[in-house]
Structures are given as structure tokens and as C-alpha cells.
Asker: 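I have a structure here, written as C-alpha cells, and I will follow up with some questions on it.
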Amino acid sequence: MHALPPLVLAVPLLSAALLAALNAVLPRALTDAASVACALAVTAMCALLTLKTGGLTVYWFGGFHPRAGVAVGISFAVDSIGAGMATLSAFMVSAALVYSVRYFEEIGSLYGALMLVFLAAMVGFCLTGDLFNLFVFFELMSVAAYALTAYKIEEAGPLQGAINFAITNSVGSFAMLSGIALMYGRTGALNMAQVGAALSGHRVDGLVTVALLLIMGGLLVKAAIVPLHFWLADAHAVAPVPVCVLFSGVMVELALYGLARVYWTIFSGPMSAHAAGLRATLVVLGAATAIVGATMCLAQRHLKRLLAFSTISHTGTFLLGLGLLTPAGLAASARYVPEHALLKGALFMAAGILLHRFGTVDEHDLRGRGRERTGRRARRRRRTRGGHPNGRAHARDPGLRVAALVFAAGGLGLAALPPLGSFYGKATLEDALSHTVGYGWVAAIVVASSAMTAGAILRATGRIFVGWGPRLPRHLELLRVTSEVPETRRPHDRTPAVMFVPPLLLAGAGVFLGVFTHATDGIGAAAARLTDRAGYAAHVLSQALSRANGAPRAPHESVVALDYVLAATTVVGALAISALALMKRPAWLGLPRIERRATAAIVVLRRVHSGCVNDYVAWLVAGLAAIGGALALS
Amino acid sequence: MSFLPYGVAAWLFMIGLYGLASSENLIGMVICLAVLQSSTYVLLLAIGYRSHASAPIFADIPPGSRAVDPVVQALTLTDVVVEATVVALLLALAVQAHKRFGTLDPARLNPLRG
């Protein structure tokens with residue numbers, strides 16, 4: 001137990017080094033198996049850490065324990081939420097690695113090594129108790145992610161996506177490092193508990209505000225919060241599908257975890273007098289992200305980009321829970337994140353199955369092609385074509401059925417169909433919002449944005465797998481995106497089992513996870529501990545196990561009748577949106593006119609997403625300036 | 001203690017951002033990113049600086065004598081390694097972009113719009 005915290009970092013890093021060194025000699029099958037086995041081992045160790053770490057497990061590297069409240073050494077401080085995020089990351093990496101076995105036709109074993117480095121960085125980021133190491137793991141995670149995005153470096157799209165991703169995120173990282181340097185200059189410490197202890201009891205001043213802005217800015221760029229979100233859709237549209245699974249499912253959410261960790265261990269003391277202003281800022285950012293992401297999601301026809309904007313919308317929703325700055329809000333986001341990660345990972349993998357089979361992920365090009373032709377006509381056609389190679393294209397393929405099932409389950413699950421999918425996460429979030437004075441109205445934004453993103457997924461499901469919907473109206477043809485990259489060399493006739501079993505497992509887990517986690521109050525208690533700054537500092541700096549005020553109590557979380565009404569509204573809204581998008585537009589209610597106006601507005605919004613990295617940096621500066629202004633005013 | 005190094009750090013950060021937002025050449029953007037990052041070196045070293053102090057190597061100076069902070073120097077070294085990685089990766093991408101598109105202007109790359 002005591003040796004676990006360093007092992008979860010050392011195992012993937014050393015395996016990655018070995019895989020890279022033995023790249024030339026090992027056969028592909030062996031490297032694939034080794035990387036999957038390593039990721040599974042890390043998953044098991046992280047799960048053990050999550051279950052066994054009651055309050056906080058502190059590990060000092062090299063045995064440099066703190067003396068008299070001064071920490072010279074570097075520590076891992078493992079709590080349940082951090083270890084839980086690490087487990088989720090390792091699990092998603094395992095699933096993505098299994099999926100990759102047959103997904104790429106030619107990959108060097110460097111791919112496995114890069115994925116393991118990425119995993120090690122994410123795990124380290126979750127567990128570290130040191131501010132500078134937080135930056136180092138953040139940067140390691142980023143660099144591995146840039147390289148994975150540009151894995152198909154000969155293609156046009158991945159190059160541009162990776163450049164946009166790398167430049168915007170590097171600016172964010174350096175802002176974060178400057179903030180950390182300022183905190184070191186103020187407190188002379190890098191251990192988060194010690195920095196927090198040094199700042200507690202002081203009033204907030206200009207330096208602390210600037211440091212908070214810089215650190216928060218770096219994390220919000222990574223979390224793709226509007227207007228710092230532009231890189232995400234570009235990177236997702238072009239990154240290989242298994243990599244998208246990790247970006248959407250865990251990497252983006254980890255940035256929000258980092259924000260929670262940094263805020264509650266360091267800034268919550270001096271900022272306590274100004275918490276109302278910070279709360280308003282974060283909630284406005286989250287609401288804007290949820291709405292912009294959902295609107296852009298509806299406007300997409302490129303499936304990976306559609307799912308990417310859905311992720312942006314959802315991170316906005318998670319920021320709403322976190323931004324309430326209450327244990328209940330944090331607990332709600334902590335419930336919501338894994339439910340979303342599993343479903344979104346499964347959806348990306350299902351989109352990958354379509355890409356593998358048909359060589360495209362364009363919703364309109366795929367119209368009706370996902371249908372499993374098992375009817376009498378199809379059987380007859382198959383018989384008449386006999387052994388002709390073209391006939392096999394319509395042979396039974398369990399992969400397509402899985403893709404259809406995953407898309408339907410993902411759409412309904414993200415619409416929070418009670419009691420499945422993201423229902424409990426969304427319900428507890430709405431509950432936390434309605435119990436915070438002045439923020440009840442935000443629940444309406446959660447409902448609207450979830451209905452829109454789920455509606456977009458259901459629309460794609462109906463169009464691709466059933467063939468519903470009219471052919472594309474000409475005035476929408478300008479919405480075509482040209483960023484499509486064939487990731488597999490040619491369309492295939494069948495889907496290999498390693499490609500449809502992982503999405504099936506992820507979707508199944510995502511649909512039922514909430515039912516199980518709802519039965520325990522572990523998440524609420526863990527969230528309460530994460531927000532307990534004094535308890536954290538005492539535990540890390542003086543190993544004080546028993547505290548005067550006792551263990552913090554889990555926040556009251558309840559799912560009431562109103563939450564079922566809101567969930568039903570979301571599901572009905574999602575179905576209505578997808579039906580409206582798929583049916584022939586009737587002339588009543590002036591719908592065509594409204595649609596034309598909406599299209600014009602969306603075209604403006606899409607022009608803003610220009611794909612040019614200069615614009616993204618300009619937006620980044622403007623966004624940071626606006627957040628800084630809001631912080632200064634509060 | 002002078003405020004000059006902090007001013008220099010802030011100036012480097014701003015000028016780097018300005019360059020990133022306005023540059024029409026990918027190589028130029030990578031250089032601007034390096035300029036932006038060098039602001040963090042200046043900031044870190046300025047935070048650890050003590051006037052009339054020697055380097056923190058206690059082999060040939062008596063223990064207890066005044067020395068600058070060794071921690072920030074370690075941080076700066078790590079930072080340099082990070083910069084080398086990021087810049088090398090971005091330059092590799094820029095070379096590929098030039099091969100693929102025949103241009104280094106980020107606005108003229110194959111557009112990932114909307």
C-alpha cells in the first residue's frame with residue numbers, strides 16, 4: 001500500500017522507455033500486448049489506491065519528511081477524488097489501447113510508448129502534492145498530447161490541428177508557470193499544503209490575484225472554456241479516434257480537477273472574502289461555454305467535431321458545478337465527469353467504427369449507410385450477388401450494430417434518461433445549483449445545453465443508422481468542413497472484434513455507472529475532504545491524523561421530484577430537437593424563416609472559429625483580460 | 001531590490017503574446033513562443049536573486065554565507081528542458097507544414113474552419 005503511489009508513476013514511465021528502446025526488435029503483437037497490460041496494471045493499482053485511501057495518503061519521495069511545517073521534499077498527496085480521476089484515466093487508456101490494436105494499419109510501437117507517457121503524466125497530475133510538479137506533469141501531458149494529435153504527420157489536417165493545439169496550450173502552460181513562480185516568490189514554498197498554510201489568514205492582494213489569474217488561465221485553456229476553447233475542436237477533428245477518447249474523456253476534465261485542487265488547497269484561504277465574485281465569474285464562464293459548445297455542436301456535420309463541441313459544452317457544465325465553490329457542487333461534477341467520460345469515449349469509438357468501415361465521418365455522406373441490411377430485400381440481394389466482393393460490403397457486421405446501439409445509448413444517456421447515463425450527475429448538479437442562492441436559474445442552462453448536445457447525437461443516430469431526414473438543403477451546403485482525414489487506408493468490409501467490444505463495454509459502464517455510485521456517499525465525502533484546506537495542510541505537513549474539528553461531513557445530496565421533471569424535459573427536448581432537424585420542414589409557425597435567421601447567426605459563430613492560430617491567441621488574451629477584470633472588480 | 005527584472009519579464013510576456021497574435025510565419029510564431037517563455041526564466045531568476053550573494057555552491061564558501069536561491073535555478077533548468085521539447089516539436093510540425101502546404105503562413109494552411 002505504501003509503495004503504490006510511486007509505482008503508479010514509475011510503471012508506465014519505465015514501460016514507455018523500454019518500449020521506445022526496443023522499438024526495432026519487438027514484434028507489433030508483443031508491444032501492443034505489453035502496453036495494454038501495463039495500462040491495465042496501472043488501472044488496478046489506481047483502483048486499489050482509490051478504495052484504500054481513506055482520507056489522504058501522503059508519500060514523500062526519498063523520505064524527505066517535512067520538519068516543523070516546512071516541506072523540502074516532493075510529495076504525492078493521494079485523496080479519493082484524485083485517485084479516482086487517475087483510475088478513470090488509466091481505464092480509458094486501457095480501452096483506447098485495446099481499440100488501437102486493429103485501428104491503425106501501420107503504427108510504430110512509439111505510439112504505445114507515447115500513450116503510456118501520456119498516462120503517466122495524467123496519473124502524476126492527479127496525485128501530486130507539489131505545485132511545480134503539477135506544472136511538470138501538466139506540460140508532459142500536453143507534449144505527449146501534441147505528439148499524439150500529429151501522429152499522422154504527413155496529413156494536412158493533423159498538422160494544422162496540432163499546431164493550433166500546441167501553441168495555444170503552451171501559452172496557457174507558461175502563464176501557469178508564471179503564476180506558480182509568483183506564489184513561490186510570495187511564500188517561499190512549492191508544496192501546495194505549505195503554500196496554502198502560508199497564505200491562509202492573509203488578505204488577498206494584487207500579487208495573489210494575478211497569480212490566481214495566471215494559474216487559472218493555464219488550466220482553463222486546457223479545460224477548453226469559452227473563449228479559450230478554440231483548439232479543442234481542431235485537435236479532436238484530426239487526432240486519431242483512440243486519442244480523442246482520452247482528450248474528451250479525461251484530459252480536459254483533469255484541468256478542472258487541477259483547478260479544484262489548486263483553489264481549495266491554496267487560494268480558498270485568502271479568497272474566502274471574495275468567493276462571491278469568483279463564483280459569479282466561474283459560473284458565467286461555465287454557462288457561456290455550455291451554450292456556445294451546444295450551439296456549435298448542433299451546427300456540425302463532421303461527427304468527431306460534433307462530439308468535440310459536445311465535450312466543450314459538457315466541460316462548461318462541469319465548471320458550473322465546480323464554480324459554485326461548494327462541496328455539493330464539486331461532488332456533483334465529480335459524479336458527472338466519469339459518466340460523461342465513459343459515454344463520450346464509447347461515442348468516439350463508434351464514430352471510429354464508421355470511419356473504419358466507410359472512410360468518412362460526415363453525417364450527410366453516411367446517411368442511411370449505417371443500416372444493417374437484414375431485411376428480405378437485402379438477403380435476396382446478397383444471394384444474387386453471391387461471392388462478388390462488393391456483396392460483402394452489406395454482409396452482417398456486428399460492428400455496425402454496436403455503433404448504432406452506442407450512438408442511441410450515448411445520446412439518451414447524455415440526455416440523462418432517468419435513472420441511466422448521466423442522470424445522477426446532472427440531477428445532483430441541478431440540485432446543488434438550486435440550493436445556492438441566486439444560481440437556481442443556471443439549472444435551465446444545464447437542461448438546455450444537455451438537450452441540444454444530446455439532440456445533435458440523436459439526430460446523427462437517426463440519419464446514419466435509420467436513414468431519416470431529407471437530403472441536405474442547398475443553403476446548408478456551406479457548412480461542410482473539409483478537415484476530413486482518412487485514418488485507415490481504405491474502407492473495410494468488417495469491423496474487427498477489438499474495435500467493437502471496447503465501445504460496447506464503455507457504453508454499458510457509462511449507462512449503469514451512476515446507479516452504482518449513487519448508492520454510496522463516498523463521492524460526497526471525498527469532495528468534502530478536498531475542500532477542507534486546513535485538514536489537508538495538517539495532514540500533509542504534520543501527519544496529524546486526528547483533527548480537532550473531526551472529519552468534514554459529506555454534503556447533503558438529494559435527487560428530488562424536480563430533478564426527474566428536469567431530466568424528462570431534457571430527454572423530450574433532445575428528441576424534439578433531433579426530430580425537428582430530421583423531418584421535412586413544414587411551412588407552419590414560420591419555421592423556415594426562423595431557421596434561416598438561426599443559420600445566419602450560426603454562420604457568424606462558425607466564422608469566429610476560423611482555424612487560424614493568430615486569432616485563437618488573440619481570443620486567449622482577450623479572455624484572460626476579461627477574467628482578470630472580473631477578478632479585480634470582485 | 002530592483003523592480004526592473006519583473007518589468008522585463010512582464011514586457012517579454014506581452015511582446016511574445018503580441019507576436020503570436022500577429023505573426024504571419026510559423027517559424028516566427030515558434031520564436032515568439034520562445035520569447036514568451038524566456039519571460040518565465042527572468043521571473044524565476046529574479047525571484048531567487050539576492051544582492052551581494054554568491055552562487056549556491058557551498059564547496060568553497062563558508063556555510064551560512066549569503067547565496068542566491070538554488071530552488072529557482074533548478075526550476076529554470078526544468079523550464080529550459082520543457083522549452084526545448086515544445087520548440088523542437090513545433091519546428092518539426094512547421095517543417096512538415098511547409099512540405100505539405102508550401103507556405104508557413106498559419107492563415108493559409110488548409111482551413112479547419114467552423
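Every chain is numbered from 1, with letters handed out A, B, ... down the list of sequences. Everything quoted here is computed from the prediction, not taken from an experiment. Worth knowing before you read on, the calculation uses all heavy atoms, side chains too, and leaves out hydrogens, waters and symmetry mates.
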Asker: Side chain from CB out, backbone as N, CA, C, O: work out which of these in B:Phe13 comes under 4.5 Å of a heavy atom of chain A, or both, or neither.
Answerer: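 The side chain, not the backbone.
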Asker: Where on A:Val608 is there a heavy atom nearer than 4.5 Å to chain B: the side chain, the backbone, both, or neither?
Answerer: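 For A:Val608, there is no contact with chain B at all, as no heavy atom is under 4.5 Å.
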Asker: Taking all non-hydrogen atoms of both residues, which atom of B:Ala21 and which atom of A:Val617 are closest, and how far apart?
Answerer: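 B:Ala21 and A:Val617 have their closest heavy atoms at N-CG1, 4.1 Å.
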Asker: Let me know if B:Leu17 has heavy atoms under 4.5 Å from chain A in its side chain, its backbone, both or neither.
Answerer: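 Contact with chain A is through both the backbone and side chain of B:Leu17.
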Asker: Just wondering, more than 12 heavy atoms not from A:Phe64 lying within 6.0 Å of its CZ?
Answerer: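 No, not enclosed.
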Asker: Has A:Asn614 got a side-chain atom pairing as donor or acceptor with B:Glu24's backbone, closer than 3.5 angstrom?
Answerer: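 Here the side-chain-to-backbone pair does not exist.
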Asker: Enter the distance from B:Leu44:CG to A:Ser178:OG here, rounded to the nearest 0.5 Å.
Answerer: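 Reported value, rounded in 0.5 Å steps: 8.0 Å.
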Asker: May I have the step-by-step check of side chain to side chain contact (heavy atoms under 4.5 Å, CB included) for A:Tyr184 and B:Asp69, ending in yes or no?
Answerer: CA-CA 11 Å; A:Tyr184 178 74; B:Asp69 188 350; 2.4 Å; yes
Asker: Could you give me the CA-CA distance, side-chain angles and deciding distance for A:Ile167 and B:Val30, then say whether side chain to side chain contact (heavy atoms under 4.5 Å, CB included) is met?
Answerer: CA-CA 8 Å; A:Ile167 288 184; B:Val30 179; 5.6 Å; no
Asker: Using a 4.5 Å cut-off on heavy atoms from C-beta on, say whether the side chain of B:Val86 contacts that of A:Glu139.
Answerer: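 Yes, at least one pair of side-chain atoms sits under 4.5 Å.
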Asker: Among A:Val613, A:Ile163, A:Ile180, A:Leu140, which residue has the highest count of heavy-atom pairs closer than 4.5 Å to chain B?
Answerer: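 Counting heavy-atom pairs under 4.5 Å, the top option is A:Ile163.
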Asker: For each of A:Trp619, A:Phe230, A:Phe132, tally heavy-atom pairs with chain B at distances under 4.5 Å, and name the one with the top tally.
Answerer: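 That would be A:Phe132.
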Asker: Return the minimal non-hydrogen interatomic distance between B:Leu33 and A:Ser170, and the atom names on each side.
Answerer: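 Smallest heavy-atom distance, with atoms named: CD2-CB, 3.8 Å.
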Asker: Counting only heavy atoms closer than 4.5 Å, note whether A:Leu190 contacts chain B via side chain, backbone, both or neither.
Answerer: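 Contact with chain B: side chain only.
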Asker: Could you tell me the separation between the CD1 atom of B:Ile47 and the CZ atom of A:Arg186, rounded to the nearest 0.5 Å?
Answerer: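 Rounded to the nearest 0.5 Å, the CD1-CZ separation comes out at 11.0 Å.
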Asker: Apply side chain to side chain contact (heavy atoms under 4.5 Å, CB included) to residues A:Phe135 and B:Leu75 and explain how you reach the verdict.
Answerer: CA-CA 11 Å; A:Phe135 165 75; B:Leu75 301 191; over 6 Å; no
Asker: Do the non-hydrogen side-chain atoms of A:Tyr146 and B:Leu93 ever get within less than 4.5 Å of each other?
Answerer: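 Answer no - side chains too far apart.
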Asker: Pick from B:Val71, B:Val81, B:Thr85: which one has the most heavy-atom pairs with chain A under 4.5 Å?
Answerer: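 Between B:Val71, B:Val81, B:Thr85, the count favours B:Val71.
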Asker: Side chain, backbone, both or neither: which part of B:Leu20 has an atom under 4.5 Å from a heavy atom of chain A?
Answerer: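 Backbone plus side chain of B:Leu20, per the 4.5 Å heavy-atom cut-off to chain A.
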Asker: Examine whether an atom of A:Val143 lies under 4.5 Å from a heavy atom of chain B, and if so say whether it belongs to the side chain, the backbone or both; otherwise answer neither.
Answerer: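 Interface part for A:Val143: both.
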Asker: When rounded to the nearest 0.5 angstrom, what is the spacing between NZ in B:Lys99 and CG in A:Leu159?
Answerer: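 Between atom NZ of B:Lys99 and atom CG of A:Leu159 there are 10.5 Å.
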Asker: First locate atom CD of B:Glu83, then atom OG of A:Ser173, and finally report the distance between them rounded to the nearest 0.5 Å.
Answerer: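 Separation between the atoms: 12.5 Å.
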